[in-house]
Each structure stands twice: as structure tokens, then as C-alpha cells.
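Note sheet for the following structure.
All values below were derived from every heavy atom in this structure, side-chain atoms included, with hydrogens, water molecules and symmetry-related copies excluded. Note on naming: letters A, B, ... go to the chains in the order of the sequence lines (proteins, then strands), and numbering restarts at 1 for each one. Computed from a predicted model, the values in this text were never measured in an experiment.
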Amino acid sequence: MTAVDGDQVANDSYDAHTLQEKWQARWAKENPFAASEDPADDRPRSYVVDMFPYPSGDLHMGHAEAFAIGDVVARYRFQLGENVLHPIGWDSFGLPAENAAIKHGTHPAEWTYANIETQAESFHRYGISFDWSRRLHTSDPEYYRWNQWFFLRFRERGLAYRKDGLVNWCPKDQTVLANEQVVQGRCERCGTEVVRRTLNQWYYKITEYADRLLEDMAQLEGKWADEVLTMQRNWIGRSQGADVRFAIEGRDEPVTVFTTRPDTLYGATFFVVAADAPLADELCAPEQREAFEEYRAQVAKLSDIERQSTEREKTGVFLGRYAINPVNGDRIPIWAADYVLADYGHGAIMAVPAHDQRDLDFARKFGLPVRVVVETGEADPNDSGVATAGEGKLVNSGPLDGLSKSEAIPRIIEILAERGTGEGTINYRLRDWLLSRQRFWGTPIPIIHCPSCGEVPVPDEQLPVLLPDDLRGADLAPKGVSPLAAADDWVNVDCPECGGPAKRDTDTMDTFVDSSWYFLRYCSPHEENAPFDRDAINKWGPVDQYIGGKEHAILHLLYSRFFTKVLYDMGMVEFTEPFTRVLNQGQVINQGKAMSKSLGNGVDLGAEIDKYGVDAVRLTMLFAGPPEDDIDWADVSPAASLKFLNRAFRVMVQAGEASQPGVDPAEGDLALRRATHQTLDKVTAAVEAQRFNVAIARIMELVTAARRAIDSGPGAADPAVREAAEVIAITLSLVAPYVAEEGWERLGHRGSVAIGNWRTPDPALLVQESVTCVVQVASKVRDKLEVAPDISAEELERLALASEKVRNFIGDRQIRKVVVRAPKLVNIVVG
RNA sequence: GGGGCCGUAGCCCAACGGCAGAGGCGGCGCGUUUAGGUCGCGUACAGUGCGGGUUCGAAUCCCGCCGGCCCUACCA
């Protein structure tokens, strides 16, 4: 729909849809955004990646914002004349495809690839500057075979392993979930309460890289959002402390606990083991067996939500056994409780109720002793019920008495080390990455289980292990084991080692594996002998600018960082961090709330584009505010964006009709020329700073200045008007590519405006003849002076003091100080 | 409970520690128009959530509150 229907201005107004078709066809033919692999091409290289979409349907408003932002970054680099790699692909494995297949009795690939086509077409329409020749889909065998290849390499390096573990299990999706996929005790995908189960699962040993993931963040400081770095730091959760071994009565082996407060060891008055850990079961004395079993059953019934609810009273049961404090020989009772987590530290703790609130709550509930060992000057926890954690002198602590906390910690670690009952250590909150999924639409794990040879890797030359294509619909319905287990022909194979009958592993990999390295594949997407070409990735990588939502601040970004470091260790890449800069755009919301079906506040991207055109929608997204902020669609006006684009378009058309390309701008109106060059300067700065809303505001000002020059200034034929119109086309091309291309053509240019046309402002036109200097008396503005930009401080001070207005305000007060910030400000401090 | 981000006109948002207002929406007015819309021009509207502090000078830096959002959550 155009803004105008049929009167005399129709020919200077634009029809978005006509332009879209015209320029799409042109771009499809000329492929202007293809990255060059010519070794002789010595232009600076730039690698810009948008987080690839999951093909859940057509593109939505969130995609529109994210990709509009990424496109400004990429198009700016194109305009600078750089060799830009700006690829696109699809994260096309995952649950929804399987659910759709079950519903429609089809194969997940049908739904997936149909949606990919829809999205690809929408991307074309949306005018994103992709190099389409590098398109990839993670569900293609030529992609996922390399997930399998990486798995085997990781396994060789001891970074992929299997273990029994308590896992998060989603009863609805019938699959395990990674910790990262459990949100407040619920399945991230379907919202069902997660329960805990013991299963034998594959893991990637990300914990081995915990320190490097932490340390290398120094490289990212200032280039990633602080918020994201903080979230990752917290997620990794490094904490320094000590392992302490407690002997157990009637058991040969001691039990180790981790503590961050080894200095309070003399205050340990009981010992707690996670109720759901095997250790609790093992330590339980026969006479307490019944009570323990009952308690354990009660704990197992709790969902994570109930278990995690705050202000829950402490529960637990005495196990009838005792541990021996290694420093003072105290015999302390061992309890089982659910406030101790089985999978953190060693699943057991020494409880120091005087100085840990949780332990104190437990002690008070069960009448266990509380012994103060740090004198902090606070109320006695025995009376107050509040554990003390402040600084103070150690008491009741033998050799530690009189020491401060910071002196006592190294001392006790020394003592423990001498006796061989402990040592300083570091513990992490980060857990290993649970890889296995009992679902169909993912990468099969390339392992064969042989009754005689055990766990046998699929030989590289047999990769990829393809998904069977005859499973569809009901075959895929969740049964608690992978659907692949039902594909007999697929499961039963000969053992690669002994040739005997064996079975394939029937689990598939977490799809976060797919997204952990796709940005490496883009550099050589057709490589057949390796996941990627080493030279290609080291030429393009790491990604200069990565763009995506902060919902992936922990998961995807952490896994990608981990993968990159492993590949660095394997000698496959020369960098240790995958993304030099990351920009996390906000969400598009409506009326203060996330768009959702239940609220009925969804806005359809296709409908918005039909109504206002691509350029207006993109402009609206970018002008709404800084890219990190959420956009409330109720607060913005695509209609106003369209009005502006029409205004800009008319300026370009009128300038194009009134003059020819190549006229000498030096002969044009000086005031407009200054405005044009100021705009160039400011737009460049704003784009560099990723303040796209500000950049657009500057372009708007230039359009207004050009409008006035045409209507009530030197007129449309003035060379300065042409110069302004060309700068409008060039700068606008980052945001509104269709109008910019058409305007450029109407200005008499052939070829695309989008590549290598950015201009550098003429410094001579940026210097002002005079600036306004503010003269303050006691910090209040009392006069303004027009002065030369290069005026000296002395001269400025003299002029300010000479001002009659200023002198009046000073009156008979004493001048105590004169602050001069030439050429813009003088502040006269009076006393 | 812990950590982080944000509060500027009716609304969305700008402002290297230096005149609080760049831009837009929405108002209002004038012109164009038979009229509406479009188009052009012009206007009004806040003293920066609250209280302290640092400074010649604070929306900006620091501390404490209030309000909103996000992350994390019995991690020993």
C-alpha cells in the first residue's frame, strides 16, 4: 500500500512492493553480497554472523529486529568497501519438527525443510545482505556427520564420556534435559515439571575448560555486554576453598567434603550427605534404614519446583553413623538431607551451624549443637538464630585461635596437608554438558555397543551414521527410549571390531552441539573432507560481530566458546574465542508484554510488511531505540517511518531530476554542504557505536535540511542538494535498502548504492566558523559569546570577564576562581 | 536470599562531568486543498524517581531508599 493514491505527487512517492520486486530480482541476478575467496583480493575482511534461526514457521517480529540490526552492521562494512562474509543457515534439528511429524504422520524432514524454504523466501523479501551460496542446514547429513566426527575426536581426548547420573527428565517430552534447559524447575520447551531420574548418559567434559572459559573472558571485556559476561561467570561459579577428608566410623575410606570456609572446621558439629546420593544409602546404619528409606522416598517425590522453593523448612534424617573431625577428633553425627545437593562438590558437607545459615536452620530444627568459632561481635547464633559470617578472631579452634579469617584459611590448609587429610582446592558450579537425547530428530551418536568389545566408535570412514528415513508419525511418539531403538534394521549392525552382532547407540545429540560450530562451517560450507577448511576459517575467523538475543547468553555462547577452545587445542583453529564482539538485541513486545497466542497480542511480520513495506518495517525496528532495548510495537509507528521514507525519496527524486551526477559540489550552497558533511560524520560515529536510532535521527535532519534547500533555499538544481541527496541514499542504504537503491538510480547512478559508496566527510566543512561559549557565574548561565573555535583560554577568560552582563551578575562579589574550558564554557566562581 | 540493568516532556527516546532536547509519535496552529488525507511551515509541553555525597559544575560519578525488568537460586 502506498501512502498516496493517485494525485500529482504519486510519481515522487514510492510503492514499496514494486520496488521490492524490482530490486530483489536485481540482487538475485547480480549477487552483490557474495564474499570473495579470491586470494588476490586484499580488501580488509569482515565476518558478520546473525544467530541462525530455528525453522519453526515463518519469520516473526523478533527475527525482523535481529536481522535488521545484523544487516546494518554488514551493510556498513560493505559500504566501506570491505570483503564481507555475511552468511545464513538453519538450526534445523529439534523437537518441534518431531512433534509436527507425529501429529501429521510424516517425517520430521518434511515440516523442517518446508519451513526453511518459507523463511528463506522471507529473508529474500526482507532484503538482508546474505551470501546465499553458503547456506547450511544442521539437519543435512553433510553437516551433522561432522557432529559425529567431533564426538569421536572429543572422545579420543577424554572429553566425551558416559556415566550414570541423576538427570533432569521431562515426563512430557520423554527426554533428559541439560541443566541449562531446566527453567525454574520446568522444561524449557513445554513447561512441564521436571523430575529426576538416574540414567546412563553421554557427557562433554566442559568442566575441564572451566578455568579457561573464565580467564579468556578478559579478551571479551568491553566487547560483549557486561551483563552476559557476569552471567557466564556466575554460571561457571568458581569458588575457592578446601577439600577435607573425614574418617567414617566403620568404613575404610574417608569421605571428602568441599568447603569455602575451612577456617571454621573446628565449628563442625555434624555432617550431612545428600539424601539422593548413593553415599547416603551406603552409610545408613541398619537401625536407621527404615527411617532413611521413608525419607528418601519422600524426597524423590518432590518435584524440583517444590524442592527449590525458598523458605522451605529443612528436612533430614539421622543415618546412625558418625564421622571424625580430622583436626580435633570430634565424633559428629551423619545426617542425610535434601538441602545438600548430590551433584555439587562431593555431595556431602561438614556443617558449621554457627557460621552458615542453612546449617544453623537444620541444627535448630533437629537440636544439634552450635559452636561459635569466629568471634565477630554479632549476636550469638544460638540465641539469635542468625549465623554469623563477618570478620573476626578465631576461637575454640586450637592452633587457629586468635587468627583472622584470612590468616586462618591458609594455616588450616597447611595443617590438613601435613596430616594428609585435605588440601586447598577450587570447585565449580558448572556441570558437564549432558549430551544424550532420547529423541529422533537429531545427530545419532556414532557408537556401537558390542556384547564382546563393549563401546566401539563408528569408524570415521563409515560416517555419517544417517538417520533412518522410514520412521515417521507414530513411530516417533515418545516412549521413554529413543525412537531409534524401534528401527531394527538400523539398530542391528555388525561390530566394527569383531564383526559380531551389535547394536547402535540409539540416542541423539543435544542440538546445542549443532550450533556450537556452525559459524566455522560457513567459511567453507562445501568442504567434504573435514568440518571446515583450516585456511578458510583462519582467514575469516573469528567472527568480528555476532548478533543475537540474550536468551542465549549462557547456553549457546558458552558451548560455542568451549568448542572453539577444544578445536584450538586440536590445532584446527588459531583463535581461542569464537566471537570478538557480540550484540544482544532486545525483544519485540506488544503493549508491555511478550507477544503470545494466549494474550492474543501477536503482531504478524508478513502483515506489517504488506501494509508498510520492508523498508518502513526495518526503519521502525532500528529507530525505536538502542538495539539492546526491547521494542514495544504499541509505542512505535511504522506509518511514520513510511512517511519519512517518502520524504527522503522525494528529495532524491527531485535532486535527480534537477541535476546530473558529477556536478561539482564545491559550487553548491555552503550551509547545506556543512549539514551534509556533519551528517556523514555523525552517522558514521553513531553506526560505529551501534546507536542506529541516533544515526537515523541524523539522516532525518539531513532530509529536512535538503527539503528546505529545495523549497526555500538555493533550489533543487543546486549541487549541494545533489550531494545531500546522494549522502541520504548512501546512509539510508544500511537501513532501507530498497528506497536507497531506487533513489540512487533516480539520482542518475547505475549499479548498486550498497557497495563501497561510503564517504568521508571533508574536514574543512566540519570546522565551525564560530562556536557559542557559555559564560556561567556560580554555575548559572549568564551570557553567551560567539568565539572562534580555536580561541585561547586566556583570551576567552578576558572576553568573559569583560562581558557587561557577567559583571552585573558578579556585582561586588569576589572572584575566587575562573574555570575555562575553551572554546565552549567559562565558569566564574564567586565567593 | 544473591547478582545485574533501567527510571529524562502525554508516549518512544537524545545528551565526552559543562546551555537538559537531537530525532520521532501524539497535541495545537497556519499554509496547500472544494474537503479529508497527503504535503509544507510553525508552536507548546519536562528540569532528569526520591534523599544524601563528591565537584567550580551532576541526568551523567559514589552511597542509601522507592519503582520496574532480567538472571540466578539450599552451589556448602
Side-chain angles (χ1 to χ4, degrees), chain A residues 2-5 7-10 12-13 183-185 225-231 233-235 237 239 241 257-261 264 272 307-312 314 337-341 343-352 355-359 361-362 427-431 550-551 553-554 592 619-620 623-626 628-632 634-637 639-641 643-644 646-647 650 682 686 691 693-701 704 707-708 710-712 772-784 816-821 824-831:
Chain A
T2 53
V4 184
D5 33 48
D7 61 17
Q8 78 284 354
V9 287
D12 331 329
S13 206
V183 178
Q184 292 180 337
D226 289 343
E227 186 191 358
V228 171
L229 294 178
T230 302
M231 283 165 69
R233 264 186 211 104
N234 293 341
W235 190 262
S239 62
V257 300
F258 174 75
T259 176
T260 53
R261 292 294 305 276
T264 63
V272 188
R307 185 174 167 144
Q308 286 173 4
S309 77
T310 41
E311 300 309 310
R312 209 178 115 238
K314 292 280 180 289
D338 68 354
Y339 83 92
V340 170
L341 307 178
D343 56 356
Y344 181 76
H346 305 283
I349 62 159
M350 65 177 210
V352 184
H355 306 295
D356 183 288
Q357 190 61 46
R358 296 156 300 185
D359 296 343
D361 292 344
F362 193 84
N427 206 10
Y428 298 90
R429 210 190 74 109
L430 182 71
R431 316 291 156 90
K550 57 176 162 263
E551 63 274 19
I554 300 174
L619 178 69
T620 304
F623 186 54
E628 299 84 356
D629 287 5
D630 287 350
I631 299 171
D632 192 329
D635 290 337
V636 296
S637 172
S641 298
K643 260 167 70 171
F644 163 71
N646 267 312
R647 208 167 130 82
R650 278 194 303 276
K682 289 176 175 168
R691 272 6 212 182
N693 54 328
V694 177
I696 291 165
R698 298 289 88 84
I699 302 172
M700 287 174 168
E701 287 174 303
T704 300
R707 175 81 265 144
R708 287 190 189 146
I710 293 170
D711 291 347
S712 53
T772 304
C773 175
V774 175
V775 184
Q776 300 175 327
V777 178
S779 303
K780 291 196 172 64
V781 179
R782 298 306 188 185
D783 197 9
K784 293 178 183 184
R816 296 166 64 111
K817 185 174 176 183
V818 181
V819 179
V820 182
R821 293 283 178 274
K824 298 186 76 172
L825 177 128
V826 176
N827 187 14
I828 299 162
V829 185
V830 294

Value in whole Å for how far the C1' atom of C5(B) lies from CD of E628(A): 12 Å

So which nucleotide from G23(B), G3(B), C71(B) ends up closest to the side chain of M231(A)? C71(B)

Is the backbone N or O of D343(A) less than 3.5 Å from a side-chain atom of R431(A), with the two atoms forming a donor-acceptor pair by type? yes

C45(B) and A20(B), which share atom name C1', separated by this distance in whole Å: 14 Å

If I pick the C1' atom on A9(B) and the same atom on A59(B), what distance separates them, to the nearest angstrom? 14 Å

Please measure how far the C1' atom in U32(B) lies from the corresponding atom in U48(B), and state the result in whole Å. 40 Å

A640(A) side-chain proximity, nearest of G24(B), G3(B), G40(B): G24(B)

Hey, is NZ on K314(A) packed in by over 12 heavy atoms from elsewhere, all under 6.0 Å? yes

Please state how far atom CD1 in I554(A) lies from atom P in C70(B), giving the value in whole angstrom units. 15 Å

F644(A) vs I699(A), side-chain contact (heavy atoms from CB on, under 4.5 Å): CA-CA, chis, key distance, verdict: CA-CA 10 Å; F644(A) 163 71; I699(A) 302 172; 4.2 Å; yes

Between P on C70(B) and CG on L229(A), what's the gap in Å once rounded to a whole number? 21 Å

Indicate yes or no: does R647(A) engage E701(A) in a salt bridge with an N to O separation below 4.0 Å. no

Per-nucleotide protein contact string for nucleotides 7-20 of chain B, where B marks a base within reach and S marks sugar-phosphate only (heavy atoms under 4.0 Å, - for neither): ----SSSS---BB-

To the side chain of Y344(A), which of G40(B), A76(B), C70(B) is closest? A76(B)

Nearest listed nucleotide, side chain of E227(A), among G40(B), G4(B), G23(B): G4(B)

Only pairs with both distances under 3.5 Å count, Watson-Crick or wobble alike; so what is the partner of G27(B) in this structure? U43(B)

Under 4.0 Å: is that the gap between some side-chain N or O of R429(A) and OP1 or OP2 of C74(B)? no

From N427(A) atom CG to F258(A) atom CZ, the distance as rounded to the nearest 0.5 Å: 4.5 Å

Does F258(A) or D711(A) map to a spot on RNA chain B nearer the 5' end, using the closest nucleotide for each? D711(A)

Which residues satisfy the side chain to side chain contact (heavy atoms under 4.5 Å, CB included) test with R816(A), sequence neighbours excluded? none

To the nearest Å, give me how far apart CG (N234(A)) and C1' (G1(B)) are. 14 Å

Complementary nucleotide of C5(B), counting Watson-Crick and G-U pairs under 3.5 Å: G68(B)

Answer with base, sugar-phosphate or nothing: what part of the nucleic acid does S239(A) contact at a heavy-atom distance below 4.0 Å? sugar-phosphate

Nearest-Å distance for atom pair CG/P, residues D632(A) and C69(B): 14 Å

Winner on side-chain proximity to V340(A), out of A76(B), A73(B), C56(B), is A76(B)

Just call it for K314(A): base, sugar-phosphate, or nothing, with non-hydrogen atoms closer than 4.0 Å on any strand. base

Could you measure between the two C1' atoms, the one in A44(B) and the one in G10(B), and give it in whole Å? 12 Å

Syn within 90° of 0, anti beyond: G47(B) is syn

Distance between the P atoms of G67(B) and A73(B), in whole angstroms? 25 Å

Quick check on RNA chain B: between I349(A) and M700(A), whose nearest nucleotide comes earlier from the 5' end? M700(A)

Does any part of the side chain of P626(A), heavy atoms only, come nearer than 4.5 Å to the side chain of N693(A), both counted from C-beta? yes

Taking NZ from K550(A) and P from C71(B), how many angstroms apart are they, rounded to a whole number? 10 Å

D356(A) CG to C74(B) P: how many Å, rounded? 13 Å

Whole-Å P distance, C12(B) and G53(B): 31 Å

Counting Watson-Crick and G-U wobble pairs only, both distances under 3.5 Å, name the nucleotide matched with G51(B), or none. C63(B)

Pairwise C1' distance, C66(B) and C56(B) [rounded to whole Å]: 32 Å

Taking the same atom, P, in G36(B) and in C28(B), what whole-Å distance lies between them? 13 Å

Do the rings of F362(A) and Y339(A) sit parallel, tilted or perpendicular, given the 30° and 60° boundaries? tilted

Is a side-chain donor-acceptor pair under 3.5 Å present for R429(A) with S239(A)? no

Could you tell me the separation between the OH atom of Y339(A) and the C1' atom of G1(B), rounded to a whole number of Å? 16 Å

